Participant: 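Quick one: this structure, given as structure tokens, is what I'll be asking you about.
Letters A, B, ... are given to chains in the order of the sequence lines, protein chains preceding strands, and every chain is numbered from 1. Just so you know, these numbers come straight off a predicted model, no measurement behind them.
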Amino acid sequence: MAIYVDGDTQVLVQGITGKQGSFHAGQMLAYGTKVVAGVSPGKGGQKVHDIPVYDTVQAACAEHSIHASIIFVPAAFAKDAALEAFHSGIKLVAVITEHIPVHDAMEIMAQAKIHGATVVGPNTYGLVSSGLCKIGIMPNNFFKPGKIGVVARSGTLSYEIVGNLLEAGYGTSTVVGLGGDRIVGLSFVDVLQEFEKDAETEAIVMVGEIGGNAEEEAAEFIKSSMDTPVVAYLAGKSAPEGKRMGHAGAIIERGKGTFASKESALKNAGVPVADLPFEVPKLLEEILTGRRGK
Amino acid sequence: MAIYVDGDTQVLVQGITGKQGSFHAGQMLAYGTKVVAGVSPGKGGQKVHDIPVYDTVQAACAEHSIHASIIFVPAAFAKDAALEAFHSGIKLVAVITEHIPVHDAMEIMAQAKIHGATVVGPNTYGLVSSGLCKIGIMPNNFFKPGKIGVVARSGTLSYEIVGNLLEAGYGTSTVVGLGGDRIVGLSFVDVLQEFEKDAETEAIVMVGEIGGNAEEEAAEFIKSSMDTPVVAYLAGKSAPEGKRMGHAGAIIERGKGTFASKESALKNAGVPVADLPFEVPKLLEEILTGRRGK
Amino acid sequence: MKYFEYMGKSLFKEYGIPVPDGAVAETPDEAAEITKKLGSAVIKSQVLTGGRGKAGGVKFADSPEEAGKAAEELLGQEIKGYKVERVLVEEKLNIEKELYLAITIDSTKKSPVLIASTKGGMDIEEVPEEYIVKKNIDVLTGMEPFVIREIVSELGFDFKAETSKQFMKIVSKLYQAFRALDAELMEINPLVIADGQVIAADAKVTIDDCARYRQKDLPYVEEKTVIEKKAAELGLAYVELEGDIAVMANGAGMSMATLDILQYYGGKPANFLDAGGGAGSETMARAIELLLEKKPRVIFINIFGGITRCDDVANAITQVLGQQKIEIPVVIRLVGTNEEEGRRILEAQSLSAYNLMHEAAQKAVELARK
Amino acid sequence: MKYFEYMGKSLFKEYGIPVPDGAVAETPDEAAEITKKLGSAVIKSQVLTGGRGKAGGVKFADSPEEAGKAAEELLGQEIKGYKVERVLVEEKLNIEKELYLAITIDSTKKSPVLIASTKGGMDIEEVPEEYIVKKNIDVLTGMEPFVIREIVSELGFDFKAETSKQFMKIVSKLYQAFRALDAELMEINPLVIADGQVIAADAKVTIDDCARYRQKDLPYVEEKTVIEKKAAELGLAYVELEGDIAVMANGAGMSMATLDILQYYGGKPANFLDAGGGAGSETMARAIELLLEKKPRVIFINIFGGITRCDDVANAITQVLGQQKIEIPVVIRLVGTNEEEGRRILEAQSLSAYNLMHEAAQKAVELARK
């Protein structure tokens, strides 16, 4: 089992004829994802990796049953692409595009709510239910089936953690990248909630970073409502205060969203926090052994 | 029983300090409607017929449990008043105001859909579940409890029909005024659907008029999905083609929405159509007798 | 409020929708003058009705002289009952293709709807369904780019064609104008492709009367008769008819039913007058005076008071009757809100009112026959 | 991008939000000149940081001479590390009341949020909760009039007061500006009532960098160091730090973790550089050249390829090393998308790459100590 997507999920690629879109459509196919169609206005009728390309999402949906979409179009057109997907009734939309204006992101989220759609990202590597379906840009070889759920804000850092897990013999159930922007569709709490319901996810690794208060909210949720054990890693311990470290969300302001506040909230919720990425498997081992011992 | 509103419905009056608002708040109270609060920006703290007045719907909702609102504010402010009601979670909003720009009406309806609210009107006399709750501007004395449901586009014409029914000994369950504008919240089909579910509505009188295709749609619905008998009266038989008769909806264009097309659609659906308003009770009598005879 | 073609085109131009070169003329000389710059020209009668081409309201000219002559023929003519007071003189277009494009209000879906077709130039209802694209627009988000792409795709246009790009821009701008100007209808038929350019060769624009208060910059077009205009100034809906029984009722439906019932009994209504919407007694008094202007044989007042109060109506009647001597019979039917008070006011002036509409109507028809 | 107060106020003025009379000065003479018209004046240092009042960055003057003197004292001073290059010279306001008003982005609710308080003038975090009104705004419908009325009602303002009406207008216009200009923050603290007028006495405006492509009319403010600016031109996020290990990683989280791990092992990173987001090899080569500008002791490249491809990274490294002689050690960690090809490219140039991040980091720290 897995959350959000599984082996039956049929996927559309918006922006499939672009450099990133075509490359990753191929990678997703190679992973085993059912990429059934692509969209690129003006390129309708072409094929990319043998995937049929349509001019509009509407046209693609008329020919295929599509459950999820992944968006690669440039920032200036990403909002429109997302709305297009919502209007055609697609209920899961992963927005890979980065540098989307924050006002556009707010509109995307407001529209998603009206249409009952789930947005992963923007500025995310996507999500993958290991061995079943990858909707994203993560390297294929690290995502092997297993019982550990992973949810992270940052992309490469998740790969790092997932790589360490794999090294230690842990496969993953589903790995979700929330996205690095200030406004993203899913929160840690949203994803933890799903994992909690997923019988086959035995433990969860949460990869947070400084800025915002999503980790603190997650800590509260874990404390009040979760049974599945959670282990965390937090990036940004060494970041000097007030310096912006690339993500809009990673601004340390007014003493909120600091490493210390996140670490203490999580520890307070019984979540072990790793000092370094490669320590995560060890903490996981400890917490799972403890559980099994009970 | 009744549809939409009953004896427990607690009502807010938006624009309660205006001439129409205060007069009809009093009339509604006199009818027995639970008018619990009024809103008039800048008049918060006052009382009208002993009803407390608030500056905002939000403030009124903080003090009272409000199920429905009736709007009397001028056309230029009506959209804002409706959105205000929706945002405070009010699920039934009757908009009495006429001459609301059609673009505003479209926005009201789009917002109502998002908020899951039902809009009666605009340009309606409202609705009344006889003897239980009147949310509207119809004269009190004609609406006595009974088993006939009435749904109409036009106001005074409904009173005429309801008066004729009363004269003939028929009380009404619920009487709904759809409103005379081109864009209104409820269609004949919406209301017929509710009546069909209402065990105590024995028969329905539908009062249509030329223009639009709502009567034709109703005929189709009656034919396919209704068991409760329906009698109709249609206004506008004598209207010269192409002349606008007051309602934006009552423009005869392109041969659609004519008296003839409506009459034949209804008759085809087994609905008796009265030539004159005062003939409605007779047709009702016939259809009910026929039923009872079965 | 309907606009003349030349006004619609001037609005289009303002919003960046290409229209043919040209100008409006009220005299043959003006038409000739305009044609000097254009070389050859199309001379189009400006009337608030369709089908003007078939009615001979459009002429062509290859010189200023011909243009003057054409204008002379058209100006002053009547087309479907509308007098031609102006002609639009425009460049002749080298038309390759005629499209249809319109945005209007969809009452059923409660949203703006765009209608487009590759078969322009004819009545949209005669175009087979499969050539028509209908697209409801979310009024809250508007004409998003993806919606325009869907339209282009459904029409089967080539995305890369320069004319497709122009078409997309026109769709976007037309919707912008439609929303910004509170339009009920904006129709371009035909939208032509001429020398690689997409151009609005015609313009039908109707603006929502209810929005006039916030569209103060828009021109006002008089479609009404003198009496209709006076009624409009009072905020009342009035339509002139051919009969001899002047009618005042309240509510559009009720007013229509009143005409129906008069006709049913063999009477001929002189007008439709909806005094609904809570008009006060002063306004209603003015309305009754209006009724008298057409010199009817009978006045029939049919009021079922809701938001309209019977006492206001009674006051209006007694006020008019007190001020001027009225030779014709006035049949009154008065029930509803504040009915008792209304009757009391009438009785104080020795007037009486019917209870039942059909009885009153029968009486009015009977009196009109005398 | 943060704006100076004077720039924020000029935007406010454009959108119809009242601001004090005044102008910006770069010299004491200019400050004196402006004060001639104002009579007496406030002289405010223009720096991109808060708390300038407490730091002595605001002075008062009752004559042009005093204003010149005040400006002389302020110009060139440093406030919290920011050099004062301009002062804003403004009329003194006869302040009756100080309010707080701001609109910013609420990440949790994913919508704009308005924050208002009757206790303005101080840090909003020090104002007790009960004096703060927070209102999330529906980004699709905007600042509807009823929302403004709710704000006024929640603040306990008198609806009929003239200042309430002015406040309502300011709220509407501030939101309009916030949306139209792609702002991340628009803060007025204090929003003052002076002589019955509601006036923005300060202005903090931050514009979304991602929206610069569609906000071409807005001024550009340089907040970055020379190297940061060069990185920004490459589309990369770069922050200067104090250490000696130059770092390039991909992804903000990964880049932060890279700094964390270096520090964990006792190393000192010289910078933060996120080469993520699918930058090509050309861009990455430029980025590596940037790292060299700060003359670090070691270069540490830590790449986990996702959208970034390892072959692009390898090509970038070999390209730079092929073009210039680099005296310092380069520690590379390279895994992920197209890893094999990347390693092959490196090996062809006799370079090797680590597999594990912490081993690579330890090596980099070790080399930096030598």
Side-chain angles (χ1 to χ4, degrees), chain B residues 19-20 24 27 75-76 96 98-107 109-111 114 125 136-139 142 152-160 163 180 182-185 187 207 209-210 212-214 217 233 235-240 243-250 254 275-278, chain C residues 105 107-108 110-112 123 125 138-140 178-179 182-184 208-211 213-214 235-242 249-264 269 272-274 276-278 302-309 335-339 356-358 361:
Chain B
K19 191 188 162 204
Q20 297 293 347
H24 286 290
Q27 293 290 107
I96 305 305
E98 57 176 1
H99 300 311
I100 294 178
V102 67
H103 284 249
D104 284 7
M106 291 192 290
E107 288 183 41
M109 301 315 159
Q111 288 283 344
I114 290 171
Y125 58 88
I137 57 170
M138 49 292 248
F142 290 89
R153 274 162 83 175
S154 167
T156 37
L157 194 49
S158 324
Y159 311 163
E160 182 69 43
R182 203 153 157 186
I183 300 284
V184 291
S187 67
V207 186
E209 60 188 57
I210 51 170
N213 65 341
E217 283 176 359
Y233 171 72
K237 188 175 187 175
S238 67
K243 287 263 183 180
R244 178 184 281 223
M245 303 302 257
H247 279 183
R254 305 180 181 175
D275 275 327
L276 295 172
F278 76 91
Chain C
I105 311 270
S107 296
T108 305
K110 300 167 195 174
S111 78
D123 192 333
E125 280 180 83
D138 181 337
V139 74
L140 300 179
F178 180 82
R179 284 285 288 156
D182 275 300
E184 291 185 332
D208 181 7
D209 287 323
C210 293
Y213 74 91
R214 63 185 180 197
L236 305 175
Y238 181 101
V239 181
E240 275 197 57
L241 301 170
E242 305 294 313
N250 64 324
M254 182 68 147
S255 304
M256 276 193 276
T258 306
L259 306 192
D260 292 350
I261 200 166
L262 286 172
Q263 216 152 49
Y264 183 87
F272 167 100
L273 172 59
D274 175 6
N302 180 23
I303 300 291
F304 204 122
I307 203 159
T308 303
R309 302 195 207 168
V335 287
T337 306
N338 292 10
E339 176 178 334
L356 297 178
M357 177 172 169
H358 61 280

Participant: Closest approach of Q111(B) and L140(C), non-hydrogen atoms and distance?
Facilitator: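 Here Q111(B) and L140(C) meet closest at NE2-CD1, 3.6 Å.
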Participant: Testing D104(B), I100(B), V102(B) for side chain to side chain contact (heavy atoms under 4.5 Å, CB included) with D208(C), which one passes?
Facilitator: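 For D208(C), the side chain to side chain contact (heavy atoms under 4.5 Å, CB included) check succeeds only for V102(B).
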Participant: If you compare all heavy atoms of A76(B) against all heavy atoms of Y213(C), which two are closest, and at what distance to 0.1 Å?
Facilitator: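 Nearest heavy atoms, A76(B) then Y213(C): CA-OH, 3.2 Å.
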Participant: Is it the backbone or the side chain of R214(C) that comes under 4.5 Å from a heavy atom of chain B, or both, or neither?
Facilitator: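 Side chain only.
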Participant: In terms of heavy-atom pairs under 4.5 Å, which option from A249(C), A211(C), P269(C), G235(C) contacts chain B the most?
Facilitator: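 Heavy-atom pairs under 4.5 Å are most numerous for A211(C).
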Participant: Let me confirm one number: the CG-OG1 distance from N302(C) to T156(B), rounded to the nearest 0.5 Å.
Facilitator: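 Rounded to the nearest 0.5 Å, the CG-OG1 separation comes to 8.5 Å.
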Participant: Determine the minimum heavy-atom distance between Y233(B) and A257(C), stating which atoms define it.
Facilitator: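 For Y233(B) and A257(C), the tightest heavy-atom pair comes out as OH-CB, 3.4 Å.
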Participant: To check you understand the geometry: which heavy-atom pair defines the closest contact between E209(B) and G253(C), and what is its length?
Facilitator: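 Nearest heavy atoms, E209(B) then G253(C): OE1-CA, 3.5 Å.
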Participant: Taking side chain to side chain contact (heavy atoms under 4.5 Å, CB included) as the test, write out the residues that go with A183(C), two or more places apart.
Facilitator: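 Scan of A183(C) (side chain to side chain contact (heavy atoms under 4.5 Å, CB included), adjacent residues dropped) gives F178(C), M186(C), I207(C).
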Participant: Relative to chain C, which segment of A214(B) carries a heavy atom at a distance below 4.5 Å: side chain, backbone, both, or neither?
Facilitator: neither
Participant: A side-chain contact here means heavy atoms from C-beta on lying under 4.5 Å apart; do Y264(C) and L276(B) qualify?
Facilitator: yes
Participant: By the definition side chain to side chain contact (heavy atoms under 4.5 Å, CB included), identify the one residue from I261(C), T258(C), D260(C) that meets it with S238(B).
Facilitator: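 Testing S238(B) for a side chain to side chain contact (heavy atoms under 4.5 Å, CB included) against I261(C), T258(C), D260(C) leaves exactly one candidate, D260(C).
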Participant: Calculate, to the nearest 0.5 Å, the distance between atoms CZ and CD1 belonging to R182(B) and I105(C) respectively.
Facilitator: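 Atom-to-atom, R182(B):CZ and I105(C):CD1 are 5.5 Å apart.
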Participant: To the nearest 0.5 angstrom, please state how far the CE atom of M256(C) sits from the CZ atom of R153(B).
Facilitator: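 Answer rounded to 0.5 Å: 7.5 Å.
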Participant: Any side-chain to backbone donor/acceptor pair from K110(C) onto G185(B)? Under 3.5 Å, distance only.
Facilitator: yes
Participant: Does the side chain of E160(B) come within less than 4.5 Å of M254(C)'s, by heavy atoms?
Facilitator: yes
Participant: Below 4.5 Å from any heavy atom of chain C, which atoms of V207(B) appear? Answer side chain, backbone, both or neither.
Facilitator: neither
Participant: At what distance, to the nearest 0.5 angstrom, does OG of S111(C) lie from CD1 of I183(B)?
Facilitator: 7.5 Å
Participant: Which atoms form the tightest heavy-atom contact between P139(B) and G305(C), and what is the distance?
Facilitator: CG-O, 3.2 Å
Participant: Once side chain to side chain donor-acceptor pair (under 3.5 Å) is applied, do any residues pair with S158(B), and if so which ones, sequence neighbours excluded?
Facilitator: Y125(B)
Participant: Would you compute the distance between atom CD of Q20(B) and atom CZ of R309(C) and round it to the nearest 0.5 angstrom?
Facilitator: 7.0 Å
Participant: How long is the span from the OG atom in S107(C) to the CE atom in M109(B), to the nearest 0.5 Å?
Facilitator: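 Answer rounded to 0.5 Å: 11.0 Å.
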